[in-house]
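Order of appearance sets the numbers: ligands from 1, and atoms from 1 within every ligand. On a predicted model such as this, the values are computed, not experimentally measured, just so you know.
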Amino acid sequence: MLIIGPPGSGKGTQAERISERLGVVPISTGDIFRTNVKEKTPLGVEAMKYMDAGDFVPDSVTNKMVRDRLNEADAEDGFLLDGYPRTTAQVHYLDDILAAGDQKLDVVLQLTADDDELVTRMLGRAKITGRNDDNEAVIRHRLDLYHEQTEAVVAKYAERGVLTQVDGTGKIDEVTVRVMHSIKETQA
Ligand code: AMP
């Protein structure tokens, strides 16, 4: 399963809840990058330049990292990927990984929210998390990238008939109810 949504849409929070309820391993590319940045690994040093500017980390780095992670034993029986793919090139790369592992996507869930609400949320989050990429200029840039590149990813999965869209506004618990309901509907 994939969870896709603009920055600040609550993907990470909902991904944790879905994975607990469905018993699938959550894999967040943003979290993997942040862990590497914190530990100052070569991957983290490379990724940080892009993350702080709100840019995508290049595919040459991101794709391999995702492939290695999906090939670990705990992802064999299913996973919930959060934050990948974000570009159509990454969609094709993921197609190849899945085909090689004889796996397929059951659900692609998109969380939706409007830009102004997202900016407000992320500025609020910045005070709590201190994330370097949660300042207004960088937030706007991340939203632009989402519209320019990631909406094309969503359109691809819609064409394939695996997309389900959920309104990501409102209380966290309410969104979770909607999310779980839409996953069940898709599986029915
Ligand atoms: P997130 O926590 O999903 O908002 O991701 C934080 C940052 O990590 C993004 O702004 C990018 O710099 C980087 N990142 C995460 N996932 C990807 C991806 N699939 N492709 C490129 N960069 C990514």
**Message:** Walk me through whether R86 and T150 qualify under side-chain hydrogen bond (donor to acceptor under 3.5 Å, both in side chains).
**Reply:** CA-CA 5 Å; R86 269 170 147 98; T150 309; 5.1 Å; no

Using a 4.0 Å cut-off to any heavy atom of [X], which atoms of ligand 1 qualify?
X	value
K11	3 (O)
T29	15 (C), 16 (N), 17 (C)
Y84	19 (N)
Q90	18 (C), 19 (N), 20 (N), 21 (C)

So, taking the atom named OG in S182 and the one named CD in Q165, what distance separates them when rounded to the nearest 0.5 Å?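 Between atom OG of S182 and atom CD of Q165 there are 10.0 Å.
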
Roughly how far apart are D133 CG and M51 CE, rounded to 0.5 Å?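 Interatomic distance, D133 CG to M51 CE, rounded to 0.5 Å: 6.0 Å.
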
Closest protein heavy atom to atom 10 (O) of ligand 1, given as residue, atom name and distance to 0.1 Å: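 In this structure, atom 10 (O) of ligand 1 has R142 NE, 4.0 Å as its nearest protein heavy atom.
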
Requested in this report: Would you mind checking which non-hydrogen protein atom is closest to atom 23 (C) of ligand 1, with the distance to 0.1 Å?
Outcome: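 Looking only at protein heavy atoms, the one closest to atom 23 (C) of ligand 1 is F33 CE1, 3.8 Å.
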
Out of I32, V138, V57, D55, who is nearest to atom 12 (O) of ligand 1 when you count heavy atoms only?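 Among I32, V138, V57, D55, the closest heavy atom to atom 12 (O) of ligand 1 comes from D55.
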
From the candidates R86, M51, R34, the one that places a heavy atom nearest atom 4 (O) of ligand 1:
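It is R86 that holds the nearest heavy atom.
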
If the threshold is 4.0 Å, N to carboxylate O, is there a salt bridge linking [X] and [Y]?
X	Y	value
K156	E159	no
K38	D31	no
D144	R142	no
D134	R121	no

**Request:** Using distance alone, determine whether G30 and ligand 1 share an N or O pair under 3.5 Å.
**Result:**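 Not met; the criterion fails.
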
